[in-house]
Amino acid sequence: MELTHIADRGRWLAVNDEVQIGELIYRVEDNVMTISHAEVEAFYRGNKIAEELVLAAIHQARENDWKVVPACSFAKTVFERYPAEQDVLKK
């Protein structure tokens, strides 16, 4: 499985054997990344793929000095699981 960033569409994709199995959707406005959706195909759930997608987006935000708004509930959960990543949370 590999993660692919589609910057012009505000997407991170999880791809397995050239098939998309997961997706994270975000937008950036005024240096704030809003993560609006993260989902993985049912067959692949439970393998931390959605978590990897959210972490990739968080790292992208950190590299660009953006803050993050976790609008989707799963993104909020990832921030709770990884307190060290909370420095990029928009307050």
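Listed for the N47 side chain is a donor-acceptor partner under 3.5 Å among the backbone atoms of Y44. Formation of a donor-acceptor pair under 3.5 Å by the R27 side chain with backbone atoms of I35 is not found in this model. Looking only at distances, no side-chain donor or acceptor of R81 sits under 3.5 Å from a matching main-chain atom of F79.
You'll find the side chain of M1 reaches within 4.5 Å of the side chain of I49, heavy atoms only. P70 has its side chain out of reach of V78: every pair of non-hydrogen atoms, C-beta onward, lies at least 4.5 Å apart. Residues W12 and T4 are not in side-chain contact: their nearest non-hydrogen atoms beyond the backbone lie 4.5 Å or more apart. Contact of the E39 side chain with the R45 side chain is registered, since non-hydrogen atoms from C-beta on lie closer than 4.5 Å. Contact check for H59 versus E85: side-chain heavy atoms found under the 4.5 Å cut-off.
Across L53 and G22, no two heavy atoms sit closer than the pair CD1-C, 3.9 Å. Between C72 and A38, the shortest heavy-atom distance links the atoms SG-N, 3.9 Å. When all heavy atoms are compared, the tightest approach of A61 to V68 is CB-CG2, 3.4 Å. The two residues A71 and S36 have their closest heavy-atom pair at CB-CA, 4.3 Å.
The hydrophobic cluster containing F74 also contains Y82, counting ILVMFWY residues as joined when their side-chain heavy atoms lie under 4.5 angstrom apart, directly or transitively. Grouping the Ile, Leu, Val, Met, Phe, Trp and Tyr side chains by contacts below 4.5 angstrom, directly or via other members, places V32 apart from V88. Note on V15: it clusters hydrophobically with I6, by side-chain heavy-atom contacts below 4.5 Å among ILVMFWY residues. One hydrophobic cluster holds both V54 and L3 under the rule that ILVMFWY side chains link at heavy-atom gaps under 4.5 Å. Following chains of ILVMFWY side-chain contacts shorter than 4.5 Å, one cannot reach L13 starting from F43, and the two form parts of different hydrophobic clusters.
For the atom pair CD (Q20) and CZ (R11), the distance works out to 9.0 Å, reported to the nearest 0.5 Å.
Side-chain contact of H37 with E23: a donor-acceptor pair under 3.5 Å is absent, judged by distance alone. Checked by atom type, the side-chain pair W66/Q60 shows no donor-acceptor distance below 3.5 Å.
More than 12 heavy atoms of other residues, nucleotides or ligands sit less than 6.0 Å from atom CG of D87.
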